[in-house]
Amino acid sequence: MLKASAVCKSFGAVEVLRAISLEVAAGEVACLIGPSGSGKSTFLRCINHLEKIDGGQMWVDGDRVGYRLVGNKLHELKEREIALRRASIGMVFQQFNLFPHRTALENVTEGPIIVKGVRRQQAVEEGRALLERVGLGNKMHNYPSQLSGGQQQRVAIARALAMKPELMLFDEPTSALDPELVGEVLDVMKDLAESGMTMVVVTHEMGFAREVADTVHFLSEGVLVESGAPSKVLSDPDHARTQSFLAKVL
Amino acid sequence: MLKASAVCKSFGAVEVLRAISLEVAAGEVACLIGPSGSGKSTFLRCINHLEKIDGGQMWVDGDRVGYRLVGNKLHELKEREIALRRASIGMVFQQFNLFPHRTALENVTEGPIIVKGVRRQQAVEEGRALLERVGLGNKMHNYPSQLSGGQQQRVAIARALAMKPELMLFDEPTSALDPELVGEVLDVMKDLAESGMTMVVVTHEMGFAREVADTVHFLSEGVLVESGAPSKVLSDPDHARTQSFLAKVL
Amino acid sequence: GCGGGSSAAQSGNAGTAAPLHSLLPAAIQSSGTLNIASNVEYPPFETFDADGKTVIGIDREIADALEKKLGISIKFNNISFDAIIPGLASARYDMAMSAMSDTLERQKEVDFVDYFKAGAGILRTVENPKKVATLADTCGLKVGIVKGTTETEDADAQTKACEAEGKPAVDVTIFPGQNQTILALTTGRVDVVLLDSTSGSSVAKDSGGKLEMLSPYMSGPFGIVFPKGSTELQKAVQKGMQEIAADNTYGEILKKYGQEQGAVTEFPINGGTK
Amino acid sequence: MSAVLTMEEAEPAQVVPSRHTGRWITATVVLVLVALLLYAMATNERFQWDVVGKYLFADPILMGVLNTLILTVLAMIIGIVLGIVVAVGRLSDNFIVSKAAWFYAWFFRGTPLLVQLLFWFFLSALVPRIALGVPLGPELFSFDTNSLITPFMAAMLGLGLNEAAYMSEIVRSGISSVTPGQTEAAKSIGMTRLQTMRRVVLPQAMRIIIPPTGNETIGMLKQTSLVLVIGYSELLTSASLIYSRTYQTIPLLIVAALWYLFITAVLSVAQYFLERRYGRGFSPLSAIRVDKNKQDKNTVDTDKLDKDTSGPAVPANGPASGITTSAPSANTEIPS
Amino acid sequence: MSAVLTMEEAEPAQVVPSRHTGRWITATVVLVLVALLLYAMATNERFQWDVVGKYLFADPILMGVLNTLILTVLAMIIGIVLGIVVAVGRLSDNFIVSKAAWFYAWFFRGTPLLVQLLFWFFLSALVPRIALGVPLGPELFSFDTNSLITPFMAAMLGLGLNEAAYMSEIVRSGISSVTPGQTEAAKSIGMTRLQTMRRVVLPQAMRIIIPPTGNETIGMLKQTSLVLVIGYSELLTSASLIYSRTYQTIPLLIVAALWYLFITAVLSVAQYFLERRYGRGFSPLSAIRVDKNKQDKNTVDTDKLDKDTSGPAVPANGPASGITTSAPSANTEIPS
Ligand SMILES: Nc1ncnc2c1ncn2[C@@H]1O[C@H](COP(=O)(O)OP(=O)(O)OP(=O)(O)O)[C@@H](O)[C@H]1O
Ligand SMILES: Nc1ncnc2c1ncn2[C@@H]1O[C@H](COP(=O)(O)OP(=O)(O)OP(=O)(O)O)[C@@H](O)[C@H]1O
Ligand SMILES: [Mg+2]
Ligand SMILES: [Mg+2]
């Protein structure tokens, strides 16, 4: 489903991603863990081409991200084609990025109605169901500025899910959630995984990674240090860097 | 140090805080835990008068927040006096609220220089030291938009600490931090506690609460359900609501 | 006669039988209308009547008389002064009637058929605190002038004269319109105003005895303005003027507005000599 | 609970809002000054209020008002639409498009409106005929420029194209006030650039765009008086045509000013409602005010949402049973 | 690593940017049109380029340019300073202050500038003497209005007070673009309202305020020509005084337009730098561009920060040893 090959990315002189290569199979849940500033968010953003990569290649569902190969030349995709691909990649941002001028429900229905052309009636019904699923049945008509941090995060999750994407990118989806809700989001994600959705999840909660992940990737300073099953990486890591990182978990 | 008596707060028809009464002694670390939307952030914001309370009373360091009692009338404080009190109450926001037009270092030195009138030279030195302490020695001159989530959160913590407040309010200070950094922030906070600073910490990480707190307060739907030592509240809570909440911790 | 309300529709019936019709350029003959540019804010030559639509004044009545001679209708278009010359150049308008002075410098850009003799004079308040009687008294005084008039040059010449005598220069202030200039005089912002004698005397008459116009210190011709090269039209209009002067219509019109002292007997092309 | 209630809490206390003596003095001084000014104006006989009254609703003035309104509305429509296009062009990745947009803004802002109006009106001096044809081939249509560009057309072209240059800067500033995170969020759900602009960026930018656009509209009201240069008359011209005949300059300028003040007041009210409309979701407080009115009408109501005009509905949670809560009272009253 | 490298990755590939045919066609059409226009203007003899050349640097024109610049600069300074005061007043909690600010904006925007200028200039018609005294007591000072309010004073009062009304709306829109979280953060570190405004809100609002303020400044350049009404002459008037004598209207309007275009270009450049200055920290990309230049000069350098003008310094982390990294190349080149 997702394949990265020697992906590099710099901001000015700062190399943020250094030759990251990894692969996520369809239906797999991959967790990215690593210290703050190691490039996890940047990698997610490269997947749906919100950042252009400086080197290497990236495929989603067999297609190159942002480019098409004709002969041996990479043609940049037209804006419209990129939008089409992005519609099938859901993303939950670390800072949520909710639309402040739309209520919770409108945030969730915007994508289906505008991008996918779903009938409003139907989109609203589905949006309602999603918001209820994340426990916001009574906040549907609140604007984001009237929601608590955790409530905003749940709207962001619902907004991404409403597009029924094939690949979901979660950037710390539980950072603002209380333990109860983390459990619920975990349930939602397990459901999704069973229904065959591929997921890439950045998280700082090792317990969460252990529960949800098929594979865990450990990043440090832009380098993919170690990948493997959670049982292996989280409990018995090979690299010293991973060991020292995990040693601090409370 | 902090005393709340029957504090009430509503947004329109939504009662967010319902007669919250609690007390935090000087040098104590109090953790607020509770489900998303239970009013934890709102309570913190009431403490330094960012939200006016609708009912009840609140004292910080023996003084009423936002009011002065003369005879038996409460006089609203002048803006300048409120600012003076706020200068001794540090706050780390859930959404960080860094100043986007200032670099990390400038964010940290702004308060000391402008509000406390510290000499620039000295403020910069202290700011540097603080940023290095939270692991951002090499990001001092980055603007917030050039920082990762966890880096921003650490700048926010450093900014609040730079004012050397007597009371610190932390709103989920570790939500964007990796386990390593959580450990480091914990160390910082333990240092602070030892140096006699009073702290009120909203957190979703029970491990963190257990480590850092002297008292834990559990809020649910705007009501203070249960307070007590972490060993008691987190391990053997009295109320059913607390029990069910904690049962979900991964 | 009184052609105050006359318009294209009304006078169109003058018809092709009119005596001078054949002198006009073919294009105007066939369209039947002569488009005139005018800045209709200059009594007694042109203003709008109380309805805000009908043009009245000396120019309009001369135009009425010309209509009959030329067998076409003459349409006044009110535009600001800035647009009159570009308007002629772009052929939006065939000619302009706006009490414009004929000078040598202007003759380089346009042609004139002179039709009136006007003097420039001093308008002062009756109190006359600065005791001004002639142009020579204006050294060092504040003098108001309407933008675009030839009085600017008179003031400049007087400044030279003053300086030659070792007196302070004339302090000229130029205003965009006659109104602001008069207002400046009545509020003491300027000491006197240099104005052409025709409108000056009409202002003095309407002032309720507060202002008075001195007799002109010099005079020069006003002309109807044509774009360069429109000789055929100029000739036709010149002939028309000569005929209305001959049948005394011209004299009657000027008399009606109390301006008979400005009447001319000949209507030369580019007769201005300054 | 850890809190031990002390005596202090039982005290009855009444809230006294803080006094801002300085501000009140300023406010009073301002009020007095305004009152004095109004009084001086109303009683000063030089204002000739009888003349003002006579002309306030005179036909030429009313016609002038109408012309002013027509010109303003049409010019602003052209200006806003074209201004958005130029602003988006300015922010385009395409170097040439962005430079062309810059050039447009520079050229039209840099040239006096008077010159632009004259240019359009006297285009025929440069281009006597406008012809549409196959290059080097036969001419399909051809018009006499003077008959194609009527004074009204010239006024519209001059005012509208000029305004677009100014509006483009305002729109650009509005767009740049929307955080990049918003564009990214829109892209991430698969919106195209156009959809992002229309659904996400512009609606948020509107809040910022409206006040300066109000400026432009009010400015345009007055700017229309420049169309006199091409023989088109509006409110101020109508007034000046009258006073050039009657020399009642001051009262007629007051007539014009009163009309402008009236139209400006109407526009300000419209602006207030537009700002409230586009401010929704931005100021939590103002949204709550809307709340209170809508509360009972607006529980979970699909239809309202569908019409895209609903305010937020915040159904009250029932209080958790078994725990006493004090009823919160309004505003700053603090019950003991 | 979980990734199995396939053949595909070894392919050499060159990046071809996507073609935006439509945009290029538009761009070309625009270019051709501009070129045609310039050519038509340069060769059209009606423009009388010789006359343009003769007057472009003539003394009266240069004086006019100077007057225009002086009036514009002073009026904008008054307008911006007073505009900020009015905007802050408008957002005040004090009902009277906020309404007074609203009244100010309404009154001065609603009255034609022409009328305001006339009012100040002819104040003596209404108030022949300005006296300062104890109410009902003795007069302390008294001035002849005409000598107190010189034409220059009247021009400054008229233009400046009028501009302040417009600027107040622009500043208000800029202030409202700053998120409430910023004010809260400033308050939380103990800043007073004034400090919050000066250090946190206005610097961020500037980014939004600058483009419409550029509009106002450029508009003011032209608006100054209205001061002719009180007998003060500037660029456009100087030109029109010449053409009203010589009837060379078109070339002299071109002279004025060329000067306006030149001044506008200079202002646009100034605006560009101001926008970059106040945009710092907002667009990560533009900040990086600054980066590249400053990089070597600007490691951890206290002095620079102290001067409050330093760009961001992003010291490169050394690559982690033992792990190969491909050197990232610029922009869209993707090495195989
Ligand atoms: N625009 C930028 N300019 C310069 N440096 C940047 C920019 N954006 C991000 N960075 C740097 O890139 C690095 C990686 O950032 P990223 O957001 O990917 O980290 P992360 O792994 O998601 O961290 P966190 O867990 O704290 O969210 C950080 O060190 C950050 O400072
Ligand atoms: N301006 C507002 N208008 C209406 N409701 C609001 C407003 N602000 C907050 N609320 C509501 O108040 C409740 C408490 O919010 P608060 O931010 O205090 O929660 P919290 O306990 O901090 O939650 P979290 O853990 O998710 O951050 C939430 O249900 C929220 O929806
Ligand atoms: Mg991140
Ligand atoms: Mg919260």
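Chain letters run A, B, ... following the sequence lines, proteins first and then strands; every chain starts at 1.
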* **Short side-chain donor-acceptor distance under 3.5 Å, B/Ser175 and B/Gln94** =>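 No, because no side-chain N or O of B/Gln94 sits under 3.5 Å from a partner of the opposite role on B/Ser175.
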
Run the salt-bridge test on [X] and [Y] with the 4.0 Å N-O cut-off and return the result as yes or no.
X: B/Arg133; Y: B/Glu184; value: no
X: B/Asp61; Y: B/Lys3; value: no
X: E/Glu275; Y: E/Arg207; value: no

* To do: Look at the side chain of B/Gln153 and the backbone N and O of B/Ala176, then say whether any donor-acceptor pair between them is shorter than 3.5 Å.
  =>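 Such a contact is found between B/Gln153 side chain and B/Ala176 backbone.
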
Checking [X] against chain E: side chain, backbone, both or neither under 4.5 Å from a heavy atom?
X: B/Phe93; value: side chain
X: B/Arg45; value: side chain
X: B/Leu169; value: neither
X: B/Ile89; value: backbone
X: B/Pro100; value: both

* Largest heavy-atom contact set with chain E, pairs under 4.5 Å, which of B/Leu98, B/Leu50, B/Asn48, B/Ile114 ->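 Heavy-atom pairs under 4.5 Å are most numerous for B/Ile114.
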
* Answer with side chain, backbone, both or neither: which region of E/Gln195 has an atom nearer than 4.5 Å to a non-hydrogen atom of chain B? =>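 Interface part for E/Gln195: side chain.
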
* Can you find a pair of side-chain heavy atoms, one from E/Thr213 and one from E/Ile80, that are under 4.5 Å apart? ->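 They are in contact (side-chain heavy atoms under 4.5 Å apart), so the answer is yes.
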
